[in-house]
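Step one of this worksheet: look at the structure below.
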There are 2 protein chains.
Amino acid sequence: MSLLVIGTVAFDAIETPFGKTDKIVGGAATYAGLAASYFYDKVKIVAVVGDDFPAEEIADFNAHKIDTEGLQVKKGEKSFFWSGKYHNDMNTRDTLVTDLNVLADFDPIIPESYQDCEYLMLGNLTPQVQQTVIKRLKNRPKLIVMDTMNFWMDIALDDLLETVKMVDVLTINDAEARQLSGEYSLVKAAKIILAMGPKYLIIKKGEHGALLFHEDHIFSAPALPLAEVFDPTGAGDTFAGGFIGYMAKVGTINFNNMKNAIIFGSALASLCVEKFGTEKIKNLTDEEVAQRVQQFVSLSSFEI
Amino acid sequence: MSLLVIGTVAFDAIETPFGKTDKIVGGAATYAGLAASYFYDKVKIVAVVGDDFPAEEIADFNAHKIDTEGLQVKKGEKSFFWSGKYHNDMNTRDTLVTDLNVLADFDPIIPESYQDCEYLMLGNLTPQVQQTVIKRLKNRPKLIVMDTMNFWMDIALDDLLETVKMVDVLTINDAEARQLSGEYSLVKAAKIILAMGPKYLIIKKGEHGALLFHEDHIFSAPALPLAEVFDPTGAGDTFAGGFIGYMAKVGTINFNNMKNAIIFGSALASLCVEKFGTEKIKNLTDEEVAQRVQQFVSLSSFEI
């Protein structure tokens with residue numbers, strides 16, 4: 001039994017109104033893997049880096065009990081690099097640099113020891129690569145969660161739709177839900193997207209929280225209003241990682257557990273954005289996580 | 001003991017992607033008064049109309065047990081008229097016509113029988129007129145709720161700030177909170193606005209719900225995701241009316257009751273937008289309201 005996370009492990013250079021970083025470690029699998037590790041101790045990563053990727057960063061994964069056998073290190077090649085600058089509202093950003101490097105021909109090889117995968121997190125990547133991972137697993141995982149983005153809707157919609165059909169949970173943001181469905185109302189959008197295959201749809205609304213749709217049920221999770229968002233990079237991946245990590249921990253797939261999983265994912269995401277890059281999400285205590293979850297409880301509870 | 005609602009009683013002509021109306025009855029006091037009447041039976045209105053305003057519409061107020069002694073009818077003059085067109089997203093609108101008419105020199109006269117006012121709802125109007133009402137009440141009400149908008153921040157900021165200082169609860173939307181405070185973060189904005197005088201601040205976020213701030217406490221209320229928003233006109237006024245109506249019903253001013261009041265206000269607002277103008281909010285049953293409130297409960301409850 002394990003939780004497999006596939007996605008990017010990469011370098012980011014980030015500029016926000018609060019400052020800027022040199023190349024720091026980022027990537028969807030990095031954030032999602034670290035987040036999941038707070039709830040589940042059998043997290044395994046499939047990703048690719050160049051030999052410029054620091055050994056101590058891989059050791060950091062292992063310190064979080066994350067299995068890195070599936071992390072390919074390509075000799076003489078460079079890791080994926082992304083650089084972006086956030087606007088003052090922190091909700092919009094400009095991409096300054098995207099160097100695919102090793103990611104250009106990423107072949108997601110699944111080590112034999114990963115075939116016990118019960119929970120699969122498909123971090124944001126080409127839908128083709130995400131699909132390959134599903135096909136290479138001998139047994140279909142109990143729960144497949146897929147994250148994606150508008151970019152793939154623009155350039156690889158057919159592949160995306162084919163992959164969406166194979167997963168249990170799809171996580172996208174509100175603009176992406178509208179783009180994918182062609183409907184402005186999120187209720188109508190959700191109905192259309194659920195008919196595409198996934199049994200559950202999570203619509204992420206950033207500072208406005210998240211919505212979970214399943215059959216005729218809707219759950220609205222709040223976002224914690226924060227005085228300062230230092231760096232939003234990785235918040236969505238952290239959310240997804242916390243979500244599936246919690247699901248792996250509880251082990252039973254149902255709507256009520258998913259509601260809690262969203263709260264735990266949101267709590268981790270709200271911690272993640274308080275510092276640059278992975279700084280916060282790498283160094284959390286269980287107590288910090290529990291306290292933040294309690295803040296979500298008191299933020300949204302009422303008694304009628 | 002009564003709940004006094006001051007605001008506009010007016011004509012609207014509305015165009016949305018779903019259709020358009022001729023002149024129909026609208027106005028902040030209309031929506032707020034009707035909404036409050038579902039929870040409290042001593043609602044009294046102070047407003048002004050021309051003699052073009054239909055007697056049967058006044059009778060409709062009375063059918064909802066709303067006292068209209070303070071509704072001035074100006075002979076030979078016309079009622080306030082607003083016309084607007086909503087864009088496809090329903091969140092933005094263009095104002096096509098604003099005819100102040102009787103509103104231009106509105107003097108809010110408080111009938112002697114209204115002096116028992118314990119709950120005061122200052123609907124969106126010039127801050128000067130809102131302030132006059134407070135001053136004309138011999139005893140300060142137990143709870144004063146003030147709604148306002150960016151327009152008054154643009155053209156009457158000093159008056160606005162003076163009035164804000166005198167109230168208990170201020171309700172504005174997120175853009176207005178940012179404008180009034182000069183802060184983008186709503187947490188920082190709330191801190192600044194609470195320092196201006198009100199003990200409670202409600203930030204309305206439309207389809208994203210509402211936030212209640214009080215000292216160091218925050219409550220996040222969801223909005224009900226709707227398949228179709230027919231006409232958003234009056235949703236904010238309905239919310240405010242439902243809010244103060246519920247507070248008048250329970251009678252004790254505290255954070256927990258305000259949380260519930262926000263849910264009841266939100267429930268009524270979500271019903272309001274399902275039809276054009278006041279059509280829905282005029283004809284609700286207690287059961288419909290209770291059912292909608294239950295939808296809010298199941299929408300946002302989780303157990304950790």
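The sequence lines fix the lettering, A, B, ..., with proteins before strands; numbering per chain opens at 1.
- Note on A/Leu226, A/Asp174, A/Leu186: by heavy-atom pairs under 4.5 Å with chain B, the leading option is A/Leu226.
- Contact count against chain B (heavy-atom pairs under 4.5 Å) is highest for A/Ala227 among A/Ser301, A/Ala227, A/Ser300.
- Annotation: A/Lys188, atom NZ; neighbour count of heavy atoms from other residues, nucleotides and ligands within 6.0 Å is above 12.
- Counting heavy-atom pairs closer than 4.5 Å to chain A, the top-ranked of the candidates B/Gly209, B/Ala221, B/Ser298, B/Pro225 is B/Pro225.
- There is no contact between A/Leu212 and chain B, counting heavy-atom distances below 4.5 Å.
- The closest side-chain heavy-atom distance from A/His208 to B/Glu207 is not below 4.5 Å.
- The number of heavy atoms from other shown groups lying within 6.0 Å of NZ (A/Lys85) does not exceed 12.
- In this structure, A/Lys205 places its NZ atom where more than 12 heavy-atom neighbours from other residues, nucleotides or ligands lie under 6.0 Å away.
- Heavy-atom distances place no part of B/Val229 under 4.5 Å from chain A, backbone and side chain included.
- B/Phe302 is not listed as a side-chain neighbour of A/Asn256, based on a closest heavy-atom distance of 4.5 Å or more.
- If you measure heavy-atom distances from B/Tyr184 to chain A, the contacts under 4.5 Å come from the side chain alone.
- Under a 4.0 Å N-O distance rule, the pair A/Lys259/B/Glu303 does not qualify as a salt bridge.
- Every residue was checked against the ring-ring contact (aromatic ring centres under 6.0 Å, His included) condition with A/Phe296, not counting sequence neighbours, and none meets it.
- One distance of note links CG of A/Asn260 with CD1 of B/Ile304; it measures 4.0 Å at 0.5 Å rounding.
- The neighbour count for B/Asp286 CG, taken as heavy atoms of other residues, nucleotides or ligands under 6.0 Å away, does not exceed 12.
- For a residue to count as touching a neighbouring chain, one of its non-hydrogen atoms must lie under 4.5 Å from one of that chain's; by this rule B/Ile262 does not touch chain A.
- More than 12 heavy atoms of other residues, nucleotides or ligands shown are found within 6.0 angstrom of NZ on A/Lys142.
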